[in-house]
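Below is one structure, written out as structure tokens; the observations come after it.
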There are 4 protein chains.
Amino acid sequence: MANNMLAVVKANAAPGTEIREVKVPEFGRTDVLVRVRAASICGTDLHIYEWDRWAQKRVHPPLIPGHEFCGEVAAFGDEVSSVKEGDFVSAEMHVACGKCLQCRTGEAHICQNVKIIGVDADGAFAEYVVIPESNIWKLDPAIPLEYASILDPLGNAVHSVLAGEIAARTVAITGCGPIGLFSIAVARAVGAAQVFAIEVNEHRRKLAAAMKADVVLDPTQQDVRQVVAERTGGLGVDVVLEMAGHPSAIRTAFDIVRRGGRISLLGLTSKPVSLNFSEDIIFKGITIQGINGRRMYQTWYQMTALLKAGKLDLHPVITDRIAMKDFSKAMERLKTGEASKILVYPNGAR
Amino acid sequence: MANNMLAVVKANAAPGTEIREVKVPEFGRTDVLVRVRAASICGTDLHIYEWDRWAQKRVHPPLIPGHEFCGEVAAFGDEVSSVKEGDFVSAEMHVACGKCLQCRTGEAHICQNVKIIGVDADGAFAEYVVIPESNIWKLDPAIPLEYASILDPLGNAVHSVLAGEIAARTVAITGCGPIGLFSIAVARAVGAAQVFAIEVNEHRRKLAAAMKADVVLDPTQQDVRQVVAERTGGLGVDVVLEMAGHPSAIRTAFDIVRRGGRISLLGLTSKPVSLNFSEDIIFKGITIQGINGRRMYQTWYQMTALLKAGKLDLHPVITDRIAMKDFSKAMERLKTGEASKILVYPNGAR
Amino acid sequence: MANNMLAVVKANAAPGTEIREVKVPEFGRTDVLVRVRAASICGTDLHIYEWDRWAQKRVHPPLIPGHEFCGEVAAFGDEVSSVKEGDFVSAEMHVACGKCLQCRTGEAHICQNVKIIGVDADGAFAEYVVIPESNIWKLDPAIPLEYASILDPLGNAVHSVLAGEIAARTVAITGCGPIGLFSIAVARAVGAAQVFAIEVNEHRRKLAAAMKADVVLDPTQQDVRQVVAERTGGLGVDVVLEMAGHPSAIRTAFDIVRRGGRISLLGLTSKPVSLNFSEDIIFKGITIQGINGRRMYQTWYQMTALLKAGKLDLHPVITDRIAMKDFSKAMERLKTGEASKILVYPNGAR
Amino acid sequence: MANNMLAVVKANAAPGTEIREVKVPEFGRTDVLVRVRAASICGTDLHIYEWDRWAQKRVHPPLIPGHEFCGEVAAFGDEVSSVKEGDFVSAEMHVACGKCLQCRTGEAHICQNVKIIGVDADGAFAEYVVIPESNIWKLDPAIPLEYASILDPLGNAVHSVLAGEIAARTVAITGCGPIGLFSIAVARAVGAAQVFAIEVNEHRRKLAAAMKADVVLDPTQQDVRQVVAERTGGLGVDVVLEMAGHPSAIRTAFDIVRRGGRISLLGLTSKPVSLNFSEDIIFKGITIQGINGRRMYQTWYQMTALLKAGKLDLHPVITDRIAMKDFSKAMERLKTGEASKILVYPNGAR
């Protein structure tokens, strides 16, 4: 193995990133060094790139970003027992402390002391990345490389969809970024009776249709509440997966959920949202859930099982494939709203 | 039986009520006529009395209010089979339609077409009240008359407390009106590890202490967040039962609930509440539930079992007992904030 | 409407049935008279026909059997409000008492006082059948007639499959009579990752393959335990739906379920079954459920939603279609094991 | 620290144990060495002592038994971060592999590769015992030493009682060994409406009464089914906790559980048990659960919370306290059936 590698580096507390040669990272006794085959770009990476307020508070340059990827085991520490060289792997990039109440009661996805590789430590936009053995997820070679590189956001979708009853239920997804789009596929695969996709951006609506949402709606042009009412016998939907984080999408979520329904919230908000608790929540007797990350490792088993069974067609979501050197161009593409999920290949040929 | 009876009547679309002689109500083939032994006053009755905006929209005078009571079966229609004259009964006053999705799937407490006796039809502040057989709840004579008259709000408390895991959990109750106070007793009875009662009104705080809350806090004087943190190992509480409906109580609820905890919302709000969804809900991975009424009839079985087992001491909550003719005085008492639950005896001696 | 009608009648306490002209049944104020379009034959009907020990104890001739059907509303009592003449309907034939604890807590499918139309009262192998309004299930005209006539056993399958987690799980179905076969379709529709069908009868195995089970096994020829282990990474299946009622199928169920898995028992047994509780249940930490009937009416909503969404292809299960006059021939067909679900058309043309 | 220590040693593959001086055990980088303050004796220890068939198959002498204890941290490996010398601790003695599906999905109590300290490795009937840091449970000094030494079996009880709905429910406990007795206390603490204790041994029945079971029954003298029916309105109990493992107790469990009830099985059986699946499970729609160990670490949090809140009085169960040198005498005491939980003090004074 070489001593050096290429990586995307957030070098300074300022917008942008650069491609640099850095040292291949060292790994500890319980760590695994993975040669990255493909990584993919998340909205979080764009925040870091643009150096917005959230990034300024959270990120400490220099940092190699990137927390969605797959690759092959290149080396590992002497206490590692569950992988061997060449194994095809991905990883849960939320490294939980293992010691807090949440970790010790099956809720590690909301660990009090979580560190995220690619945000709080060097990540996967590089030729190599270091992952603790506990967080490695071994993959069946039958799973396509492209899907293996997007398990992190797919896992968000699986976690959201399966956070409550879903079979034979009507579902609305507000916001069709990659996770919203994946949620369409997952909801269909697990027996949702009708999937409404609600999205203001035209490119994304096209992708939602390609993912086979039953109804795709533009809330700026259509009366979402009325269409949902018409197609649910006046009832509203059983489940809303809120993945936009925008006040008007959230308003829609509460308007269209039926009495006794559930709203699973995943889309992060940048401003306060105002609700009428009596009308919006209490009289309707609804349940609202905050969805964070992926259940460790229930979600990973679930998505692997669905992928192996061939139940998910995710291709429409992957709109761009780039070499790592073109990382900045990818960022620009993302900002136009025309790209959805962009794959990055750090090791040359794809 | 006499033809006429005395009743509290909301005669006009204006504040106040009067005591009037009216006809004993007629009953249908599937109805039960109950002679009221004791009724109790709810905040809703005060809204009707004061003729506030909600009341103006919902209530159509003339109306006999009152939806918390117990009594004896006086007569019944010819299709009624489950009661006999003299049976000691209370009733679920939410009359569900039985035909909507919610009713047909065990969620009748959020029926789309519910009518509330005492709000939408003549209620229990009268010598007699008519109840459909389906809504009658037969009582063991072992249950004290006073407790039998407050099953409606006790049921709200039981529904809230048992809407999720509670045994061995820490619980905060924000707002100590009667339902909040009952919730203290219920939470203790079902094994809550620690009960925090949070209330601005001094009278109510005294009652919360009498109900044996482990910690009683005045949020205007104490740093609730800090006290809760100190007494929960820095964690926050597992469960919040929000029973105030006031923005600052709701703010407290979100501040003190732990990651992965639950907030059950019962207190009705009169204005919009603003939340930071990312910080308040999503990152913490909490669950929020709207709580409405009582589960039909799971809640009734539960509270009856707890009462029969002698697990609930509710006496401190019953602060006043009045003859029905003094109804208006009771309303004034309630407005002072000094009274909690007031019992009304429509049939003379108590 | 004519006064008389043709019906299959169990006339005496002896094997066999006859086709007879009888009076069109009378109906009460809360009843609906349905003109039967298609009925279907259940194993229970064969027990009644053959007059086995169970039938001798439970059934009181004369009786018109038949509890799976669909038809059109022909007339109804004066208290009926939810249907009109000509409505396309099926019905839940378990008439629950509505007054026992189970009925009042959302568990009417295990009512203490249930009566089954077609077993305890005259059923659907007739031109007309009487159903209480509460048990009528209105159908979307989009649902094919043939499917509408088999909702009762399809509901058993939906109830079994959805009695616990199923999405992304591996499932084995032991016993491929009609309900087992339907369960294959339902499990696939709601995202089961892999469906094993285990059945001794060759005809049924062919149908299981036609229903698209992932693996179809003959336990008399194949080592089921080993095949399941190989295809589940040595783990065993997450879920077993036991639909045979035979001791060796039950033995297989316990052998192949994984630690922490669930076994849902639907197949009725005629003899005692012996288990090693420590090894079979306790050390493995499994959950076992008795499955009875359909959840009222959750299951009905679920299956209607799946059918309307086009998620279930049930055609292979319907092997025979007969005119009612050929009822006895159908019984003989059923005994050969070559037929699966047989539809009966009481009103001539199909 | 001394190099040597006294311990109870199963030296040979034969009945009996001896008290021996052995080396203080060595510990690894992630281990904690605990000085044992008090240990307690489990039925499993008696099996090992008597060298029955189970023990012959599972245990490899020489072995120090003992898996219920508390003590103080004496030393620890250099990767241990969560304890310091002198900390008051107990431990979960089921050491789960952390890598199997069960471990990675919150079900480590049914780990495929579990090792039990005190059965598969040297245990706590000794002056010192070695425990992996992951399995250490730090204790509040407020918890009494005697209770701290019995958390393992108390945890079995908490796991069983809280494995389903329990508040406001009627519960029967079949078999009143220590875990059954603890279950009485736990069930009462979390709001069970009525607790029936069913036990053939007179000493144990006395203890059940001391633990405040509402009804204590001798199944050899009383008609359990009838008494339960009388005291539950003919319904049967909502929950049975089966802790005897004896065929007639198991028969009773199925006889007295109500339709839709739950049976949690903890008592290990030594012979097959025969059931009529149709009548016992399916028509009644009951749920049966195998209960193994304690949930890691949900159960530990729950029991700690209940103990700290002072909700459990366990004293009657602790019938004997002995110095370690008297271990063999304790075994004889246990065989008489007169002792329930026996505490062992390895380090002299108690």
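All values below come from the heavy atoms of this structure, side chains included, with hydrogens, waters and symmetry mates left out.
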| request: Pick whichever of D/Ile110, D/Asp280, D/Ile281, D/Asn276 has the most heavy-atom pairs under 4.5 Å with chain C. | output: D/Ile110
| note | Checking heavy-atom separations under 4.5 Å from chain D, one finds in residues 252-268 of chain C C/Phe254, C/Arg258, C/Arg259, C/Gly260, C/Leu265, C/Leu266, C/Gly267, C/Leu268
| remark: Whatever's closer than 4.5 Å to a heavy atom in chain D on C/Gln112 counts as both
| Validation row: C/Ile288, D/Phe277 side chains within 4.5 angstrom (heavy atoms) | no
| message | Counting only heavy atoms not in C/Lys335 (residues, nucleotides, ligands), do more than 12 fall under 6.0 Å from its NZ? | response | yes
| Atom group of C/Cys100 that falls short of 4.5 Å from chain D, counting heavy atoms | neither
| message | Pairing donors with acceptors under 3.5 angstrom, does anything connect the side chains of C/Ser278 and D/Thr269? | response | yes
| task | Using a cut-off of 6.0 Å, state whether more than 12 heavy atoms not belonging to D/Gln56 lie near its atom CD. | result | yes
| field | Closest approach of C/Leu101 to D/Leu235 (non-hydrogen atoms, all atoms of both residues) | value | CD1-CD2, 3.8 Å
| Do you know which of C/Asn292, C/Thr105, C/Ile250 has the most heavy-atom pairs under 4.5 Å to chain D? | C/Asn292
| Main-chain N/O of D/Gln289 paired to C/Thr287 side chain as donor or acceptor, under 3.5 Å | no
| field | Partner set under ring pair (Phe, Tyr, Trp, His ring centres under 6.0 Å) for C/Phe283, not counting sequence neighbours | value | none
